[in-house]
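Okay, structure first, notes after.
We name chains A, B, ... by the order of the sequence lines, and we start the count at 1 in each one. Atoms considered below: every heavy atom in the structure, side chains included; atoms not considered: hydrogens, waters and symmetry mates.
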Amino acid sequence: MIQDRLANLLREACLALLSDREHGDALPGDIQIETPSNPAHGDFACNVAMQLAGQIEANPRQIAQQLIDHLPADAVVERVEVAGPGFINFYLSPGWLHDGLAECLEQGENYGCSDFGAVQKVQVEFVSANPVGPIHIGNARGGPFGDTLANLLAAIGYEVEREYYLNDAPTNTQLQIFGGSVQTRYLQLLGEEVGFPEEGYHGDYVVELAQELVDEYGEKYRDVPRDTEGALLFFDLVEDKMIEQLHRDCAAMGISFDVWFSETKLHEAGLVQAQIDQLLASGAAYAKEDAVWLRTGQYGDEEDRVLVRSDGAPTYIASDVAYAADKFYTRGFDRVIYIWGPDHFGYVPRMKAALAAMGIGIERAEFIIYQTVRFLEGDEPLSLSKRRGDIVTIRELIEDIGRDAVRFFFLMRSVDAHLDFDLDLARQQSAENPVYYVQYAHTRLCSILREAESADYLGKVDGDLSLLIHPDELALLRKLADYPAEVLRAAQELAPHRLPHFARELAQAVHQFYTNCRVLDRDNPAMSRARLKLVAGSHIVLANILGLMGITAPEKM
RNA sequence: GCGCCUGUAGCUCAGUGGAUUAGAGCACCGGACUUCGGAUCCGGGUGUCGGGGGUUCGAAUCCCUCCAGGCGCGCCA
């Protein structure tokens, strides 16, 4: 990357300058090369002189000038200036852009990838919705986010695993409530006068499930007691359907998990009990009032948390402790990223505390809480609750506006921002959608490449990139050259939402180039060949970035 | 009450120490094509960056405080 090249030049200049001044220890660890927002300020800029000024007590402009004096020569650096309060601005010859295109063409689908994360194993766990209903607008947000984040981390060299944690254990109270809801609907369909519990799952799909049970089994389960065991029996009857549905919903979003991890398996293998015993033995857990508590209060949580209820049933924390042991110890992930919905917010401190109590460095775990999605109908916000039944499923949304638009919409916003989802607006905007703008740029390039195959006047001569000097060509070249740094940054900051923005800017540069620079021209084959190379490079980068987002790159629309 | 997220153009949002012009999309108004796809391009912005205070060469960005909206605070997940 050109940024690394410039940073290395500056690092050498810093070392030379600092040894002159006997300040060898003042070298900044990370030299930031940034792109000035104002093009008049050069192709790249660096603020290292101002950082140094604080440490060695000298005028930043003077330091900047001295750094420039010590800067090793480099072919692409045309001139370097001190500007403003002490910026070092680099003005490069257009050759660096042509080099960037050559690199892009050579690397193809790998362009944008790097080895930053070399051989580290990272797991991204996301969605992980309880198997009690379809994935819907409220809990789907982590899907495209996690999937794209995983793509990004893989692109910068991590060994990535995508995981779905299936809370399928009978100790999960939600399953009991859900099973009870199915049971109640079943009995109602059989004509029994039974009231539906307020805290139950009110969605129509529960009635449909119950109807399927009636169709399949008739009255066979009429006399099952309406207690916890009965509820779990009913959950067992529908469990496979629920899990299949989750698989279908994820597939519909274009997400393929490497591992569907079953909570029940943790229990069956005795791992939950083993972790509880170990925590008791190490003193991280203790017994009080018939329950077992984890000393999370000593590790930053507000208070200690219950691991085992007084009735002997383990809580979800117990499962999660065992699950974490499996992730960090058994499977040996260097980093684990948990992506959770806003309802799990209060759970982060206790999970961190639990990891600390287990002796797992908390820097190895990252918790990303995405913010609420509100579904708006007109001006009325509806709260999304599976239990209340007023849900819009992810598959309804996908059928409505398409998978590509769904992924793009969810990805566009930072996960820290609340997201208002107005279905009418989404439907209406799908024709004026930024995703089509990006995809259309891709199809236009495909169209040129198709056309070029039958253009006999092009011959076999290689395109001369130095012919590319039109402002719209240079602007497009610049976006192509910026791409690898953008991927790296989006991955390091765990910020997939940067991608749709970059993709739109790239598409804009493509459309401008397309409008103002005729590519295929029988009267100018040399220029045609050069521009075709730019078309090929742009085509590669658009396809790559759409690929990272899990959005199709169509050849025709 | 405590904690977290958010507050930037009419609307939806980027920008989270950097450059005396704070950006984009949508919407609205006007314009562009005998050649590669018009789902395109070009032009049109008087914004208390929620208010106030502070930190410094420099703040939408960091700190404090207040206001508004959202979410969370269970031996549920």
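- Summarising the geometry, atom CZ belonging to A:Phe408 is positioned 11.5 Å from atom OH belonging to A:Tyr436; distances are rounded to the nearest 0.5 Å.
- Remark: B:rU55 base-pairs with no nucleotide; criterion is Watson-Crick or G-U wobble with both hydrogen-bond distances under 3.5 Å.
- Between the CG atom of A:Leu152 and the CD atom of A:Glu493 there is a distance of 11.0 Å, given to the nearest 0.5 Å.
- When both pairing distances are held under 3.5 Å, B:rG45 makes no Watson-Crick or G-U pair with any nucleotide shown.
- Residue ring and base: A:Phe87 does not count as stacked with B:rG18 (centre distance below 5.5 Å and interplanar angle below 30° not both satisfied).
- Nucleic acid contact for A:Pro342: sugar-phosphate only, since backbone atoms but no base atoms lie under 4.0 Å from a heavy atom of the residue.
- As a whole-Å value, the separation of A:Asp301 CG from B:rC2 P is 18 Å.
- When heavy atoms are screened at a 4.0 angstrom cut-off, A:Cys446 is found touching no nucleic acid atom at all.
- As a whole-Å value, the separation of A:Asn47 CG from B:rG17 P is 11 Å.
- Using modelled atom types and a 3.5 Å distance limit, the side chains of A:Asn516 and A:Asp472 yield a donor-acceptor pair.
- Nucleic acid contact for A:Ala83: base, since at least one base atom lies under 4.0 Å from a heavy atom of the residue.
- The nucleotide whose nearest atom lies closest to any side-chain atom of A:Val519 is, among B:rC36, B:rG15, B:rC73, B:rC36.
- Nearest to the side-chain atoms of A:His501 among the listed nucleotides B:rC13, B:rA19, B:rA39 stands B:rC13.
- For the residue pair A:Gln245 and A:Asp249, no side-chain donor N or O sits within less than 3.5 Å of a side-chain acceptor on the partner.
- Across all strands, A:Asn89 comes closer than 4.0 Å to base atoms (heavy-atom distances).
- B:rC33: no Watson-Crick or G-U partner with both key distances under 3.5 Å is found in any strand.
- For B:rA24 and B:rC67, the P atoms lie 36 Å apart once the distance is rounded to whole Å.
- Base pairing of B:rG1 is made with B:rC73, judged by Watson-Crick or G-U wobble geometry with both donor-acceptor distances under 3.5 Å.
- Spacing between atom CZ of A:Phe345 and atom C1' of B:rG3 amounts to 6 Å, rounded to whole angstrom units.
- Rounding to whole angstrom units, CZ of residue A:Arg350 and C1' of B:rC76 are separated by 11 Å.
- A:Arg305 and A:Thr315 share no donor-acceptor pair across their side chains, judged by distance under 3.5 Å alone.
- Comparing B:rA14, B:rC71, B:rU6 by their nearest atom to the side chain of A:Thr372 picks out B:rC71.
- Across all strands, A:Ala45 comes closer than 4.0 Å to base atoms (heavy-atom distances).
- Here the side chain of A:His418 is nearest to one of B:rC75, B:rU35, B:rG69, namely B:rG69.
- The cationic atom of A:Lys327 (NZ for Lys, CZ for Arg) lies less than 6.0 Å from the six-membered ring centre of A:Tyr338 and within 45° of the ring axis.
- Distance from the side chain of A:Leu520 is smallest to B:rC36 among B:rC5, B:rC36, B:rG38.
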Please write out the pairs of protein N or O atoms and N or O atoms of nucleotides 41-45 of chain B separated by less than 3.5 Å, giving the distance to one decimal.
unit_1: B:rC41; atom_1: OP1; unit_2: A:Tyr437; atom_2: OH; d: 2.3
unit_1: B:rC41; atom_1: O4'; unit_2: A:Thr515; atom_2: OG1; d: 3.4
unit_1: B:rC42; atom_1: OP1; unit_2: A:Gln512; atom_2: NE2; d: 2.5

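- Two residues, A:Glu263 and A:Ile448, neighbour RNA chain B, and the one matched to the more 5' nucleotide by heavy-atom proximity is A:Ile448.
- Across B:rC75, B:rU40, B:rU16, the shortest atom-to-atom separation from the side chain of A:Tyr440 is found for B:rU40.
- Checked by distance alone, A:Gln371 brings no side-chain donor or acceptor within 3.5 Å of a matching partner on the base of B:rC71.
- With a cut-off of 3.5 Å on both pairing distances, the Watson-Crick or G-U wobble partner of B:rC11 is B:rG25.
- Annotation: of the two residues near RNA chain B, A:Glu303 and A:Arg450, the 5′-most nearest-nucleotide partner is A:Arg450.
- The distance from atom CZ of A:Arg518 to atom P of B:rC33 is 16 Å, rounded to the nearest whole Å.
- Using a 4.0 Å heavy-atom cutoff across all strands shown, A:Arg504 reaches sugar-phosphate atoms only and no base atom.
- Atom CG in A:Leu411 sits roughly 13 Å away from atom P in B:rA14 (whole-Å rounding).
- As judged by a 4.0 angstrom heavy-atom cut-off over every strand, A:Glu289 is placed among the base-contacting residues.
- Nearest nucleotide to the A:Pro85 side chain, out of B:rU35, B:rA14, B:rC57: B:rC57.
- With hydrogens and angles ignored, the 3.5 Å screen pairs no side-chain donor or acceptor of A:Gln275 with any backbone N or O of A:Ala318.
- A:Arg79 forms a cation-pi arrangement with A:Tyr91, by the criterion of a distance under 6.0 Å to the ring centre and an angle within 45° of the ring axis.
- Closest to the A:Arg489 side chain, of the nucleotides B:rG18, B:rG72, B:rU16, is B:rU16.
- Between A:Asn167 and A:Glu263, the side chains place a donor N or O and an acceptor N or O closer than 3.5 Å (distance only, hydrogens not considered).
- Among the atoms of the strands shown, only primed sugar atoms or phosphate atoms (P, OP1, OP2) are found under 4.0 Å from some heavy atom of A:Asn167.
- Using atom P as the reference point in both B:rG23 and B:rG44, the two lie 13 Å apart (nearest Å).
- Here B:rA60 presents its P atom at 21 Å from CG of A:Asp416, a figure rounded to the nearest Å.
- No hydrogens or angles were tested; on distance alone, nothing pairs the side chain of A:Thr315 with the base of B:rC75 as donor and acceptor under 3.5 Å.
- Rounded to whole Å, atom C1' of B:rU16 lies 13 Å from atom CD of A:Glu34.
- Atom OG of residue A:Ser528 and atom CG of residue A:Leu458 lie 6.0 Å apart, to the nearest 0.5 angstrom.
- Listed nucleotides: B:rC4, B:rA14, B:rA39. Nearest to the side chain of A:Met557: B:rA39.
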